[in-house]
**Student:** 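First the structure, which I've put down as structure tokens, then a few questions once you've had a look.
All chains are named by letter (A, B, ...) in the order of the sequence lines, taking the proteins before the strands, and each is independently numbered beginning at 1. Here the structure is a predicted model, which is why all the values come from computation and not from measurement.
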Amino acid sequence: MRHAGIPALLLWLAFATHLQALPAMIRLGYVNCAACHVTPQGGGLLNAYGRSIDEAQSLREGEYNPTTNAVIRALSWNGRITEDLRFVGQEQVSTSTNAPMLALFRGRFFYRTATEFGGGVRFSATVTGENESAARPGLAYEPAVRPTPVYVTSALFSWRVRQNLEFAAGRDQLPSGVNLPDLAIYVRSRNRLGYYDAPTQVKVFWWGRRYHVNPYFFGPAGNEQSGFHETGGGALAEFDVLGHGRTVAGVNALRGTSRRLDRTLIGPYARIGFGKWGILAEHDITSRTLLDSTPATFRQDASYVQVFRAVKEWLVPGIAGERLTVQRPYRESWIAGGLQLTARLTPQFTLSVSTRIQHNQLNGRTAPAVTLQLAMKTPN
Amino acid sequence: MNKLAVVLYLAAVPEVVFGAAVTAEGGTASFMVTTTVPGISVKGKSTALEARAEVQHNPEGLRLEKVEASLPVKSILTGMALRDEHMRSYIFTTDDGKIPDLRFEAGGTACAPQPGRTAEFSCQVSGALTMRGVTRPFSIPLKIRVENQAFRATGASTVKLSDYGIGQPSQFGVKTADEVQLHIEFTGKEAPDTITSGGRR
């Protein structure tokens with residue numbers, strides 16, 4: 001049963017997003033996401049400053065000029081509504097030891113919107129449609145959520161009380177350490193941070209020049225399997241250690257309970273940047289307790305490290321290594337590594353190619369994969 | 001007779017007074033400026049700092065004379081090409097479209113030895129900094145370490161843009177602070193043939 005998870009893992013890999021991590025902005029002294037993104041958790045729509053950075057870091061290195069078209073201004077409520085359509089197309093070729101080659105094309109559309117109502121109140125949402133679902137791997141102790149072709153990955157009401165304090169309620173992915181957009185990496189896929197994991201939640205973001213604190217409370221998203229509707233809370237806290245905006249260390253702590261499974265996660269992480277180089281690292285320790293007739297507690301360790309170098313601002317290669325171990329009775333031991341190259345041609349077009357090789361240390365099977373991805377979005 | 005006395009004196013106390021022209025090329029100058037948005041600060045760096053001074057050893061420590069430093073604006077990089085362009089345009093370009101180098105000049109400065117460290121000295125170098133063609137008084141504390149014939153100097157200070165008539169740059173709601181933190185670091189070498197006041201080590 002444990003090894004039968006390989007095809008599922010390959011399918012999951014097939015929809016990994018290998019966009020160059022926005023945490024990589026640490027190399028330029030951006031210690032948090034709120035500077036460039038509409039929501040302080042990062043990901044999703046960019047604010048005007050973020051769009052100017054997006055443009056500046058693309059191959060064409062242009063200036064961002066907000067539209068002055070009267071019709072568009074009126075339709076966007078004089079700039080209060082930000083929205084775009086995004087498409088990510090991905091062709092992946094993968095295999096594993098003694099398994100046939102698998103070629104797969106997946107396409108996913110996103111509609112992303114955010115409306116500022118004034119007084120710091122905002123509603124933001126992301127709706128997704130796809131041709132193939134890609135749930136995170138189902139595990140013996142934690143089944144995958146039920147995917148749907150159309151899914152609301154985020155719907156949040158937010159209130160930015162001050163420039164550095166925001167409350168948010170709705171559904172979204174939970175806050176996470178280095179916050180990479182690649183959902184296939186162990187620190188995400190094995191900790192309920194998959195694509196369809198959008199728990200109902202209330203969270204607070206409080207940040208300053210050297211700190212970022214993010215407590216959160218969450219309940220079920222509604223698409224979990226019976227007995228796994230999780231409720232809990234946690235907090236993410238990080239600090240710019242040297243005060244130069246390039247050495248952020250933090251920890252994410254979470255406790256979740258459901259009728260059949262409890263889990264506790266402690267995840268230290270770091271984002272370090274120096275010149276054109278950067279390092280992203282995270283190690284998540286998850287203790288799970290199955291609450292069936294014979295409760296079993298076992299530990300999972302998931303590690304991730306990535307080293308990247310911005311050869312050009314728009315061209316960023318990186319190399320990543322991962323490790324996953326799960327204790328008995330669900331023993332697993334995986335190592336993985338890969339290369340990736342991301343080219344931001346324009347703010348609207350990003351091309352990336354990546355390789356990833358996973359090796360199961362228990363049965364000796366290896367699963368390599370090569371992925372070509374094109375991400376497109378409409379201007380805003 | 002007087003000359004003989006001087007020679008005998010210098011021979012007996014060889015490190016009392018001597019001076020040398022010290023030049024540094026490829027020094028590092030970096031800056032950091034905060035912005036109105038928490039989480040964004042702008043940093044830049046140049047490795048083209050050039051400095052020159054006459055250095056004299058005396059019983060009280062070091063004495064710096066004729067301190068001159070310059071930094072080509074085009075050598076300052078922030079890691080983002082467009083931001084570099086903005087910086088040159090908003091900060092360093094004069095009304096007539098020129099981008100003059102940053103220049104610093106100072107007169108005599110005494111550097112005292114650090115307590116318990118015979119090869120380390122500290123001093124406050126006060127002079128004039130010229131930026132975008134505007135010259136204003138500027139002062140920077142320097143720490144100097146003497147190793148063989150090399151002088152390794154580090155210093156940090158703050159520049160107020162408004163002192164030079166420069167407005168705080170702003171980009172889509174993100175505005176930099178008026179005060180820019182500077183840090184410099186360079187290693188200068190004595191040129192043996194330019195010893196200016198005799199003596200020997």
**Student:** Do NZ/NE/NH1/NH2 and the carboxylate oxygens of B:R145 and B:E147 come within less than 4.0 Å?
**Tutor:**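 Here B:R145 pairs with B:E147 in a salt bridge, since their nearest N and O are under 4.0 Å apart.
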
**Student:** What's the spacing between A:S154 OG and A:R112 CZ if we round to 0.5 Å?
**Tutor:**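 A:S154 atom OG to A:R112 atom CZ measures 11.0 Å (nearest 0.5 Å).
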
**Student:** Ignoring hydrogens and angles, state whether a donor on the side chain of B:S122 or B:Q114 is under 3.5 Å from an acceptor on the partner side chain.
**Tutor:**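 There is such a pair between these side chains.
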
**Student:** Sort A:A34 into side chain, backbone, both or neither according to what part of it lies under 4.5 angstrom from a heavy atom of chain B.
**Tutor:**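 For A:A34, neither part sits under 4.5 Å from chain B.
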
**Student:** Heavy atoms only, distances under 4.5 angstrom: which of A:Q57, A:R51, A:E63, A:E61 has the most pairs with chain B? Name it, please.
**Tutor:**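 It is A:E63.
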
**Student:** Considering residues, nucleotides and ligands other than B:H183, do more than 12 of their heavy atoms fall under 6.0 Å from its NE2?
**Tutor:**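 Yes, because the 6.0 Å sphere around NE2 of B:H183 holds more than 12 heavy atoms from other groups.
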
**Student:** Would you mind telling me which of A:R210, A:R246, A:R27, A:E55 has the largest number of heavy-atom pairs within less than 4.5 Å of chain B?
**Tutor:**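 If we count pairs closer than 4.5 Å to chain B, A:R246 comes out on top.
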
**Student:** Let me know if A:Y64 has heavy atoms under 4.5 Å from chain B in its side chain, its backbone, both or neither.
**Tutor:**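 Contact with chain B involves both backbone and side-chain atoms of A:Y64.
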
